[in-house]
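Remember, it's a predicted structure, so these values are computed and weren't measured experimentally. In what follows, chains carry the letters A, B, and so on, assigned in the order in which the sequence lines appear, proteins first and then strands, with residues in each chain numbered from 1.
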2 protein chains.
Amino acid sequence: MVSQNVPQATAERLPLYYRTLQSLVAVGKTRISSSEFGDLVQIDSTTIRKDFSYFGALGRKGYGYDTQYLMDFLRKTLYQDELSKVVLIGVGHLGTALLNHNFQKNNNTKIVKAYDIDPSLIGTEVSGTEVHAMDTLATDDNSDITAAILTVPAAHAQKAAEMALASGIHGFLNFSPTTLSLPATAYVRHVDMTVELQALIYFLNHSMEERNSQ
Amino acid sequence: MVSQNVPQATAERLPLYYRTLQSLVAVGKTRISSSEFGDLVQIDSTTIRKDFSYFGALGRKGYGYDTQYLMDFLRKTLYQDELSKVVLIGVGHLGTALLNHNFQKNNNTKIVKAYDIDPSLIGTEVSGTEVHAMDTLATDDNSDITAAILTVPAAHAQKAAEMALASGIHGFLNFSPTTLSLPATAYVRHVDMTVELQALIYFLNHSMEERNSQ
DNA sequence: AAATGATTGTGAAATGAGTAACAAAAATAA
DNA sequence: TTATTTTTGTTACTCATTTCACAATCATTT
């Protein structure tokens with residue numbers, strides 16, 4: 001097995017690589033060099049070669065990388081070809097947007113159900129996803145669920161996360177502007193759009209010269 | 001003037017500090033030590049002291065930090081006490097969610113108008129924000145606008161960004177799963193929820209031991 | 001088949017970020 | 001007032017990440 005000495009920074013770039021390769025394959029591009037790929041994703045070509053090198057020799061010298069092969073390899077690495085099931089908690093505007101966005105298109109990831117407290121939503125389908133009652137969350141068996149997407153108001157985020165954890169979910173993608181405090185068995189990623197916007201404005205105000213995001 | 005030798009990593013944490021301080025002030029807490037603050041935001045206290053130290057001596061030894069003073073200082077640093085005007089491009093589900101979320105509550109940031117192509121939306125208000133026709137974007141004078149939030153489908157993101165740039169906007173918060181290629185005068189931050197979720201799942205699959213996100 | 005050019009993979013160097021340790025200073029207690 | 005405790009600001013260190021530089025290798029051209 002590969003893994004485990006792959007740096008965090010590299011691991012975080014893999015999804016971007018994967019998504020970009022999908023586009024390349026889709027438009028019929030069969031090979032690409034690290035520098036061309038780097039221009040595309042706006043990451044230095046050396047960084048790209050080094051990232052790939054953690055998984056062995058994926059390219060061919062003097063040729064570049066086979067897009068299809070590399071894409072397949074990354075898919076296996078990222079998802080081990082299994083479908084990852086995800087639940088969404090909080091079918092508000094943001095939650096609905098995510099249900100529509102619908103992850104399963106490109107990835108091996110699917111939102112299999114949603115939870116909400118609103119009685120008028122419970123039992124209905126939103127973008128093809130069934131909405132369950134929040135009450136049932138803590139007692140449901142969600143041990144086959146990889147992660148929960150939290151799109152509830154800040155005030156309810158902590159409680160919702162605890163209920164999800166009780167149901168057997170250990171991964172969280174938290175969109176609420178709150179810090180969750182959960183036991184070490186949980187793994188949380190925080191996406192705060194307010195923070196993102198503020199950071200953007202800070203960089204603009206302090207006119208970071210040639211700095212490139214992401 | 002301060003700035004310019006503030007590390008990127010520090011700058012990215014400032015909005016989080018600011019938001020947390022707002023909560024503290026709101027509940028009447030007048031002073032806080034770096035370690036208590038660190039527990040709150042889940043960042044090492046040394047990192048916090050070091051972050052603040054880039055802006056001079058903001059605390060008092062043996063006492064800690066004055067929450068109100070620190071909050072005011074950060075507000076000035078982040079926004080220089082000016083209201084930052086922002087536009088939103090693409091009033092779909094995600095765009096609507098952001099309009100509702102409404103940034104102006106806590107920050108000196110306001111979405112002043114939105115753009116969309118849908119004739120049934122143009123001229124209406126969504127969550128109190130007027131929707132303008134996409135056609136008018138490129139020719140509008142938006143030189144007083146700090147940033148554009150891009151929530152259009154991937155296929156339209158590049159064109160929309162170019163039009164916004166033409167109207168005088170230089171900062172972009174891009175929610176579309178596409179890499180924008182814009183001149184160096186533009187500054188782009190990319191928020192890709194697909195990537196975030198994929199990264200989360202990767203870390204879960206490769207069970208990163210005690211790692212903490214954010 | 002040989003020569004040329006392209007491009008990878010990688011060790012070494014440089015940069016950047018996070019952590020530990022502690023002196024200096026202020027607050028608080030005696 | 002004096003002693004003790006708290007807590008900052010900062011220097012030095014460690015660890016992680018990025019960039020550089022280039023040999024090795026393969027593709028392509030002649």
Just call it for S34(A): base, sugar-phosphate, or nothing, with non-hydrogen atoms closer than 4.0 Å on any strand. sugar-phosphate
In whole angstrom, what separates F37(A)'s CZ from dT8(C)'s P? 12 Å
Roughly, in whole Å, what's the span from CD1 in I48(A) to P in dT19(D)? 11 Å
d(CD, E36(B); C1', dT8(D)) in whole Å: 15 Å
Enumerate the residue pairs fulfilling salt bridge (Lys or Arg N to Asp or Glu O under 4.0 Å) with a member in residues 30-48 of chain A, sequence neighbours excluded, ordered by first and then second residue. K29(A)-E36(A)
Expressed as a whole number of angstroms, how long is the span from D51(B):CG to dT10(D):P? 13 Å
Between L58(B) and D44(A), which is nearer to the 5' end of DNA chain D once each is assigned its nearest nucleotide? L58(B)
Y54(A) side chain, from C-beta outward: closest of dT18(D), dG18(C), dA17(C): dT18(D)
Would F73(B) and F52(B) count as a ring pair (Phe, Tyr, Trp, His ring centres under 6.0 Å) if you check the C-alpha gap in whole Å, the side-chain angles of each, and the deciding distance to 0.1 Å? CA-CA 10 Å; F73(B) 180 86; F52(B) 290 155; 8.7 Å; no
Residues passing the side-chain contact (heavy atoms from CB on, under 4.5 Å) test with K50(B), sequence neighbours excluded, are S53(B), Y54(B)
Q8(A) has an atom CD; how far is it from atom C1' of dC15(D), in whole Å? 13 Å
Who passes salt bridge (charged side-chain N to carboxylate O under 4.0 Å, His left out) against D140(B), sequence neighbours left out? K113(B)
Restricting to pairs with a member in residues 150-162 of chain A, which pass salt bridge (Lys or Arg N to Asp or Glu O under 4.0 Å), not counting sequence neighbours? none
Polar side-chain contact K50(B)-dT19(C) base: donor and acceptor under 3.5 Å: yes
Do F37(A) and Y65(A) have ring centres separated by under 6.0 Å? no
Protein-to-nucleotide contact annotation, 5' to 3' order, nucleotides 22-30 of chain D [B base; S sugar-phosphate only; - none; under 4.0 Å, heavy atom]: --BBBSS--
How close or far is atom P of dT18(D) from atom CD of Q42(A), stated in whole angstroms? 15 Å
Nearest whole angstrom, please: distance from the P of dA6(C) to the CD1 of I32(A). 17 Å
Under 4.0 Å between a side-chain N/O of T47(A) and OP1 or OP2 of dT19(D), yes or no? yes
Please name all residues satisfying side chain to side chain donor-acceptor pair (under 3.5 Å) with T10(B), sequence neighbours left out, ordered by chain then number. D51(B)
Are T46(A) and dT18(D) close enough that a side-chain N or O sits under 4.0 Å from OP1 or OP2? no
Determine: side-chain N/O of Y65(A) to OP1/OP2 of dG9(C), distance under 4.0 Å, yes or no. yes
Output the rounded distance in Å from CZ (F52(B)) to C1' (dT10(D)). 16 Å
